[in-house]
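The analysis underlying the following values was restricted to heavy atoms, covering all of them including side chains, and did not include hydrogens, waters or symmetry mates. One-based numbering, in listed order, for ligands and for the atoms of each.
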Amino acid sequence: MSLVTTAEMLKKADANGYAVGAFNVENMEMVMAVIKACEEMHSPAILQTTPSTVKYAGLDMYYANVKAAAERASVPIALHLDHGNSFELAMQALRVGYTSIMIDGSHDSFEENIAVSKRVSDACRPNGIPVEAELGKVGGKEDDLECDDPGYTDPDDAVKFVRETGITSLAVAIGTAHGIYKGEPKLDLNRLSEIRQVVDIPLVLHGASGVPDETVKECIKRGISKVNFATELRIAYSNGIKEYLKENPDAFDPKKYDAVGMEKVTELVKNKIKVCGSENKA
Ligand code: 13P
């Protein structure tokens, strides 16, 4: 299939009580491994790249790669800019052909966050490209940005933010963090329910690596329709390669060790699809 936008898939997920997994990919092998999992599970999915990933190989490279892989697949695949950190990068992604864009102004003031999110939203709307923005601050280290001062999303602010920006999905801060957790994360689930009651666009959960499956499911029950997974995929891929090279220290063919990394990613993504409830929702 051709790449699709996230609009329809998130609307469907929202209406039917499941979520679509959004998986961060770094290279061709991870792209193929994620899409293989989606095919096997008959699930839609979002593949996404952060600014540091984009810096590694370029928006055009990821676009060409994901587009080619999506066209071979029989399930809907969207390509999303994750944590877009400037209006300019968001516009570059739009021009290249990304089918979904996040602008992350959550590290700026409330007013500045509104201004940049609205600007991106206004530019993407005529092109039919959905825009995600974040309110509150998800903790931990995402990309090159360390957030040691997380802040929860305020439901009243969320209403104002959505109304004034015209965004199509909202990333909420309810206690998750990017990267590895020290101990079990404590999420403010009541806050999520309060936000769901007053905001009617799809809600996004960031920092899902390391969050227990039952907790992710509870978040989906309370209104999350996109769940972001990055760190666990990177670990799975790297561990597969490490294992292979430990057993075969003289190996020099990337196809051999990458195959093991890919298997680990596919296995992980299939599990996450089950947690999200998007199996057979393609
Ligand atoms: P994790 O690295 O914790 O899975 O977070 C992913 C994420 O939210 C990407 O935006």
Side-chain angles (χ1 to χ4, degrees), residues 6 10 19-27 30-31 33-34 37 45-56 62 66 78-86 89-90 93 98 100-107 117 130-148 150-153 167 169-187 192 202-213 215-217 219-220 224-239 264-265 267-273 275-276:
T6 47
L10 293 186
V20 179
F23 303 104
N24 285 72
V25 290
E26 310 295 342
N27 57 17
M30 292 178 81
V31 170
V34 171
I46 300 161
L47 274 63
Q48 53 187 20
T49 60
T50 61
S52 77
T53 302
V54 165
K55 206 161 144 196
Y56 173 67
Y62 290 106
V66 176
L79 176 60
H80 176 78
L81 176 68
D82 186 30
H83 291 284
N85 53 8
S86 68
L89 182 63
Y98 273 53
S100 180
I101 286 177
M102 177 186 187
I103 177 71
D104 184 1
S106 66
H107 301 277
S117 303
V131 174
E132 172 186 330
E134 178 171 317
L135 185 62
K137 287 182 197 158
V138 174
K141 186 168 182 350
E142 175 55 42
D143 226 21
D144 296 333
L145 217 53
E146 179 88 45
C147 174
D148 44 20
Y152 290 85
T153 307
I167 56 166
S169 62
L170 177 71
V172 293
I174 55 165
T176 54
H178 295 113
I180 307 283
Y181 290 92
K182 297 183 194 89
E184 194 169 311
K186 293 266 173 297
L187 306 195
L192 172 58
L203 301 178
V204 182
L205 185 70
H206 279 244
S209 288
V211 177
D213 292 350
T215 310
V216 173
K217 285 183 188 168
C219 289
I220 295 168
I224 289 289
S225 33
K226 172 177 179 264
V227 184
N228 286 9
F229 301 98
T231 305
E232 282 189 65
L233 272 76
R234 293 175 187 140
I235 291 173
Y237 179 63
S238 307
N239 281 351
K264 301 276 182 203
V265 172
E267 193 183 309
L268 176 80
V269 171
K270 283 169 78 170
N271 283 332
K272 297 303 182 192
I273 285 172
V275 172
C276 287

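- With 3.5 Å as the limit, one finds a donor-acceptor pair spanning the side chains of N24 and D82.
- Nearest-residue assignment for atom 3 (O) of ligand 1 (options G179, A22, P185; heavy-atom criterion): G179.
- Remark: T215 engages no residue in a side chain to side chain donor-acceptor pair (under 3.5 Å) (not counting sequence neighbours).
- For ligand 1, the atoms closer than 4.0 angstrom to any heavy atom of T231 are 1 (P), 2 (O), 3 (O), 4 (O).
- Backbone and side-chain nitrogen or oxygen atoms of E232 are examined, and none is located within less than 3.5 angstrom of a nitrogen or oxygen of ligand 1.
- Checked by atom type and distance alone, the side chain of T176 pairs as donor or acceptor with a backbone atom of H206 at under 3.5 Å.
- S86 is linked by a side-chain contact (heavy atoms from CB on, under 4.5 Å) to E88, L89, counting only residues two or more places apart in sequence or in another chain.
- Between G207 and ligand 1, an N or O atom pair is found at a separation short of 3.5 Å.
- Without hydrogens or angle criteria, S209 side chain to E232 main chain gives a donor-acceptor distance under 3.5 Å.
- The distance from ligand 1 to the heavy atoms of H206 drops below 4.0 Å at these ligand atoms: 8 (O), 10 (O).
- Y237 and N27 form a side-chain donor-acceptor contact under 3.5 Å, judged by distance and modelled atom types alone.
- Residue contact annotation: H83 has a non-hydrogen atom under 4.0 Å from ligand 1.
- In summary, the atoms of ligand 1 found under 4.0 Å from a heavy atom of H178, numbered by their order in the structure, are 3 (O), 5 (O), 6 (C), 7 (C), 8 (O), 10 (O).
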